[in-house]
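To start, the structure itself, in structure tokens.
Computed from heavy atoms alone, side chains included, the values below leave out hydrogens, waters and symmetry copies. Chain A is the first sequence line, chain B the second, and so forth, proteins listed ahead of strands; every chain is numbered from 1.
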There are 2 protein chains.
Amino acid sequence: MSAMRQFHLFNASMTGAGRRDDAIYRALWEAIVAHKLPPGARLPEDALASAFKISRTGIRRVLQRLALERLVTLVPNRGAQISHPSPAEAHDVFEARRMLESSAMISVVERHTAKDLVHLRQLTEAERQALTQRRRSEAIRLSGQFHTGLVALTGNESLLDFISQLVSRSSLIIAVYGDSRHTGCTCSHDELLALVESRDPVAASQWMSAHLEEIVSGLDFTQDTVAEPDFERLFATF
Amino acid sequence: MSAMRQFHLFNASMTGAGRRDDAIYRALWEAIVAHKLPPGARLPEDALASAFKISRTGIRRVLQRLALERLVTLVPNRGAQISHPSPAEAHDVFEARRMLESSAMISVVERHTAKDLVHLRQLTEAERQALTQRRRSEAIRLSGQFHTGLVALTGNESLLDFISQLVSRSSLIIAVYGDSRHTGCTCSHDELLALVESRDPVAASQWMSAHLEEIVSGLDFTQDTVAEPDFERLFATF
DNA sequence: GTGAACATTTTTGTATACAATTTTCTCCAG
DNA sequence: CTGGAGAAAATTGTATACAAAAATGTTCAC
């Protein structure tokens with residue numbers, strides 16, 4: 001569980017609030033990317049405030065942050081809800097990922113160490129197991145971790161921030177347009193690691209580009225999802 | 001003045017607040033990127049609240065947004081101040097820009113129209129005039145507009161959001177490490193437009209990559225800036 | 001004079017009260 | 001039964017009060 005958060009950057013200098021805010025932010029973030037809060041779900045301030053046992057002031061801070069990261073949509077006088085990405089937004093997100101991640105591979109091929117590869121292979125193995133055991137949401141989470149973990153090897157924090165955001169949004173996109181039958185993509189992340197290990201920047205870059213195109217081409221833009229969650233129960237263990 | 005804002009995306013669904021918040025955000029944003037508020041300057045909530053004639057609640061919302069965009073740094077119990085990017089952050093920002101903007105040129109070469117080029121050439125002309133007349137901060141602003149305007153032609157909102165943020169941060173970086181003698185770069189943005197017009201994606205992409213590398217190599221990482229501004233006077237016309 | 005301890009002021013953090021808006025419910029005319 | 005007007009409830013928007021922390025100023029021993 002702690003490994004899940006390792007690539008997501010949280011620090012007090014961004015929000016000014018202490019670790020309590022961060023904990024609430026992470027709880028909501030995990031609930032969103034794990035599809036426990038479906039796109040379109042409303043997020044009433046009072047319900048969240050009592051669930052997390054703080055005042056609405058703190059909740060609003062967290063909601064605004066999630067809104068700026070596009071995981072939540074804030075409508076004036078009508079509150080917050082989990083974002084429901086449009087098809088156009090879905091294309092934009094994966095196109096931006098394609099540009100950034102394929103470029104990042106050049107740097108990753110140059111800078112990676114053997115230890116980095118070991119760690120990434122552990123992720124792919126965990127992902128493979130999650131897939132075979134039909135733990136779909138965890139497979140998506142691990143896949144996201146693989147992509148952010150790869151970009152983290154560039155050592156570029158600004159880049160990592162943006163990719164982390166795009167990966168989170170991808171999770172929402174998959175929740176809305178992902179075909180629940182096949183698992184997203186047929187290829188394995190191990191193929192990429194082999195190219196990285198062989199220090200072939202062009203091949204790694206092109207593989208990543210094709211990989212992201214394959215994911216977006218596997219989306220089905222003719223479905224939808226809505227629901228009304230129970231925050232007290234969802235965050236009872238907080 | 002209105003053209004200045006056209007590529008900066010503001011919408012209520014991101015913050016939930018009305019147009020008053022946006023107006024305050026823009027006023028502070030312009031003050032920061034125009035170097036009227038130097039890096040390191042403190043931003044006391046009370047002073048801003050009385051300057052903008054709203055309560056601290058609204059100011060805190062705006063400050064948090066600026067903090068998430070890295071233009072402002074929020075230190076717990078010590079308030080907000082204009083961010084003072086480190087040399088490492090400066091390199092990261094321009095490296096991320098290099099990746100994104102050079103990739104974006106491929107799409108721009110494909111999609112641009114004659115009308116787009118006319119508009120961009122107006123920007124380069126205005127930039128040239130600002131340079132010859134030694135209006136340094138306006139030249140930086142127009143240069144930023146050129147870059148965001150170019151990326152806007154991709155039609156990718158997520159990409160544009162991120163580039164807008166990186167361009168804003170670049171303005172802060174230039175405020176801290178920019179050599180006040182030469183104007184930033186020796187080359188002209190017109191060269192790029194010629195490559196775009198000739199529909200040469202590889203050349204346009206490589207030009208952009210070299211351009212951004214030249215800017216960062218022109219920075220001098222041995223200087224600094226600090227000050228204490230007067231908000232009442234600065235936003236008197238608000 | 002120096003500097004440490006204490007008091008004062010300033011500034012930020014949090015909760016809450018109240019206003020404004022939206023949503024839901026109720027009732028009655030048609 | 002339908003649907004629209006109006007009342008009631010729920011929810012968000014904003015300001016402010018109070019608590020907590022940091023910055024500043026003062027005093028006094030040495």
Phosphate-side-chain proximity, R61(B) and dT14(D), N/O vs OP1/OP2 below 4.0 Å: yes
Rounded interatomic separation in angstrom, taking CD1 from I54(B) and C1' from dT16(D): 14 Å
SB check E89(A) R70(A) (cutoff 4.0 Å): no
Spacing of I24(B) atom CD1 relative to dA15(D) atom C1', expressed in whole Å: 14 Å
Whole-Å distance separating the CG atom of L74(B) from the C1' atom of dA21(D): 16 Å
Residues in salt bridge (charged side-chain N to carboxylate O under 4.0 Å, His left out) contact with E127(A), at least two apart in sequence or another chain: none
Protein-nucleotide distance (I59(B), atom CD1; dG13(C), atom P), rounded to Å: 14 Å
For S217(B), side chain to side chain donor-acceptor pair (under 3.5 Å) partners two or more places apart: none
Partners passing ring-ring contact (aromatic ring centres under 6.0 Å, His included) against H35(A) (at least two apart in sequence or in another chain): none
Separation of dG13(D) C1' from D22(B) CG (nearest whole Å): 15 Å
Which residues share a side chain to side chain donor-acceptor pair (under 3.5 Å) with R60(A), sequence neighbours left out: E45(A)
Partners passing salt bridge (charged side-chain N to carboxylate O under 4.0 Å, His left out) against R135(A) (at least two apart in sequence or in another chain): E138(A)
Protein-nucleotides 10-12 of chain D N/O pairs closer than 3.5 Å?
| unit_1 | atom_1 | unit_2 | atom_2 | d |
| --- | --- | --- | --- | --- |
| dT12(D) | OP2 | E45(A) | N | 3.2 |

